[in-house]
Amino acid sequence: MCGRYTLLTDAQQLAAEFGLAEAVAFVQRYNIAPTQEVPVVRILQDAAGQEMAVIRQQEPGGERRLDVLRWGLVPHWSRDPKPVFRMINARAETVATQPAFRDAFRRRRCIVPASGFFEWQRLMKDGKEVKLPHYIRRRDGRPLALAGLWDRWQGADGVVVESFTIVTCEANELVRSLHDRMPVILDRADYGLWLDPASRPEDLLGLLRPCPAEWLMEGRVNPVVNNPRNDVPDCISDLP
DNA sequence: CCAGACGTTGTT
DNA sequence: GTCTGG
DNA sequence: CCAGACGTTGTT
DNA sequence: GTCTGG
């Protein structure tokens with residue numbers, strides 16, 4: 001599962017990691033929650049759904065850009081711009097066939113950059129359930145590339161809402177003690193394949209598996225992160 | 001994901 | 001318990 | 001044909 | 001938009 005994460009990487013680092021055409025400034029975030037607007041990496045297509053041929057010749061797949069989208073997918077056919085259901089995650093196992101995701105999986109994939117993500121460990125203490133937040137990040141300090149899907153919703157009055165969801169898979173050995181699901185974390189060598197609108201579904205499905213546990217490290221953090229209103233550095237302060 | 005609220009009426 | 005807001 | 005659904009998680 | 005159920 002992935003329901004909260006951070007983005008602390010600076011614009012230059014992010015541009016280098018993801019091969020962005022332009023280093024776009026954005027706000028550093030310690031506590032990103034569903035429904036909020038956050039930057040994602042994607043390749044835009046023209047209205048006909050074709051990549052722009054000129055750009056494609058120079059850069060396979062087209063230009064990688066950083067755009068701000070809403071977390072919680074609103075399918076283009078929704079009556080409402082607010083999803084009736086909380087589509088903040090999409091299961092890797094069914095993403096190619098579920099009506100809400102399959103179009104996006106075929107042609108509108110993105111990478112959700114994150115410095116780390118949170119998982120809550122549920123424990124019973126004195127007969128009451130407590131939720132202990134844990135923070136998971138890469139050992140090598142690089143940002144995480146979370147596999148995402150996006151869509152564009154347009155209302156009758158012309159209002160446009162662009163939104164995204166994070167693909168999940170079964171948890172690896174490191175995350176399993178906290179939860180049985182985790183976000184799909186892409187290898188740097190696979191960024192191009194995932195982002196290229198022309199990639200074949202059968203190749204893409206091979207990427208949707210848990211990353212090696214050795215990539216990651218994990219530790220308990222301050223419960224101040226539990227409240228999404230607290231977007232402060234304490235959210236990732238380590239607890240013994 | 002967690003925190004916090006949790007109503008009714010009539011009209012479009 | 002269940003839904004909405006962040 | 002039209003109407004209605006379209007999702008994930010965790011918990012029971 | 002597209003599929004399923006009636």
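Values in this document were obtained by computation on a predicted structure and should not be read as measured data. Letters go in sequence order (proteins before strands), and every chain restarts at 1.
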Short heteroatom pairs, N/O only, protein and nucleotides 9-12 of chain D, under 3.5 Å:
| from | atom 1 | to | atom 2 | distance (Å) |
| --- | --- | --- | --- | --- |
| D:dT9 | OP1 | A:Thr168 | OG1 | 2.9 |
| D:dT9 | OP1 | A:Arg181 | NE | 3.4 |
| D:dT9 | OP2 | A:Arg91 | NH1 | 2.6 |
| D:dG10 | OP1 | A:His179 | ND1 | 2.1 |
| D:dG10 | OP2 | A:Asp180 | OD1 | 3.2 |
| D:dT11 | OP1 | A:Arg122 | NE | 3.1 |
| D:dT11 | OP1 | A:Arg122 | NH1 | 3.1 |
| D:dT11 | OP1 | A:Glu129 | OE2 | 3.4 |

Ranges pairing with ranges for DNA chain D, where each run has three or more Watson-Crick or G-U pairs under 3.5 Å: D:1-6 with E:1-6
Enumerate, atom names and distances included, each donor-acceptor pair closer than 3.5 Å involving a side-chain atom of residues 204-224 of chain A, sequence neighbours excluded.
| from | atom 1 | to | atom 2 | distance (Å) |
| --- | --- | --- | --- | --- |
| A:Arg209 | NE | A:Gly206 | O | 2.9 |
| A:Glu218 | OE2 | A:His134 | ND1 | 2.4 |
| A:Asn222 | OD1 | A:Val224 | N | 3.0 |

Sugar-phosphate only, base, or nothing, as touched by A:Thr165 at under 4.0 Å among non-hydrogen atoms: nothing
Counterpart residues, ring-ring contact (aromatic ring centres under 6.0 Å, His included), relative to A:Tyr135 (two or more places apart): A:Phe118
Distance test, side-chain N/O of A:Asn227 to OP1/OP2 of B:dA3, below 4.0 Å: no
Shortest non-hydrogen contact from A:Arg107 toward A:Pro197: O-CB, 4.2 Å
Sugar-phosphate only, base, or nothing, as touched by A:Tyr5 at under 4.0 Å among non-hydrogen atoms: nothing
A:Gln98 side-chain proximity, nearest of B:dC1, B:dG4, D:dT8: D:dT8
Pairwise C1' distance for D:dG7 and E:dC3, with rounding to whole Å: 16 Å
side-chain contact (heavy atoms from CB on, under 4.5 Å) involving A:Asp180 - partner list, sequence neighbours excluded: none
Integer-rounded Å distance: B:dC2 C1' and A:Trp71 CH2: 11 Å
Heavy-atom pair with the smallest gap, counting every atom of A:Leu66 and A:Pro113: CD1-CG, 4.4 Å
Distance, rounded to the nearest Å, where A:Asn226 contributes CG and C:dG6 contributes P: 18 Å
For A:Phe101, ring-ring contact (aromatic ring centres under 6.0 Å, His included) partners two or more places apart: none
Protein and nucleotides 1-3 of chain E: nitrogen or oxygen contacts under 3.5 angstrom:
none

Separation of atom CE in A:Met182 from atom P in B:dC1, rounded to whole Å: 16 Å
Rounded P spacing from B:dC1 to D:dT11 in Å: 9 Å
A:Asn31 CG - B:dC2 C1' separation (whole Å): 9 Å
Atom-to-atom span, CD1 of A:Ile136 to C1' of B:dC1 - whole angstrom: 12 Å
Other cluster members, A:Leu132 - Ile/Leu/Val/Met/Phe/Trp/Tyr, side-chain contacts below 4.5 Å: A:Leu123, A:Val130
Length of the line joining A:Met87:CE and D:dC6:P, which is rounded to integer Å: 10 Å
With sequence neighbours excluded, residues passing side-chain hydrogen bond (donor to acceptor under 3.5 Å, both in side chains) with A:Arg29: A:Gln36, A:Asp231
Inter-residue atom distance A:Leu195.CG - A:Ile43.CD1, 0.5 Å rounding: 5.0 Å
Sugar-phosphate only, base, or nothing, as touched by A:Ala100 at under 4.0 Å among non-hydrogen atoms: sugar-phosphate
Spacing of A:Phe101 atom CZ relative to D:dC6 atom P, expressed in whole Å: 12 Å
Rounded C1' spacing from D:dC2 to B:dG10 in Å: 30 Å
Gap between atoms NE2 and C1', on A:His134 and B:dC1 respectively (whole Å): 14 Å
Under the salt bridge (Lys or Arg N to Asp or Glu O under 4.0 Å) test, residues paired with A:Arg176 that sit two or more places apart: none
Selected nucleotide, minimal atom distance to A:Lys131 side chain, candidates B:dC2, C:dG6, D:dG7: B:dC2
Pairs satisfying ring-ring contact (aromatic ring centres under 6.0 Å, His included), at least one member in residues 180-205 of chain A, at least two apart: A:Phe18-A:Tyr191
side-chain hydrogen bond (donor to acceptor under 3.5 Å, both in side chains) partners for A:Arg137, two or more places apart: none
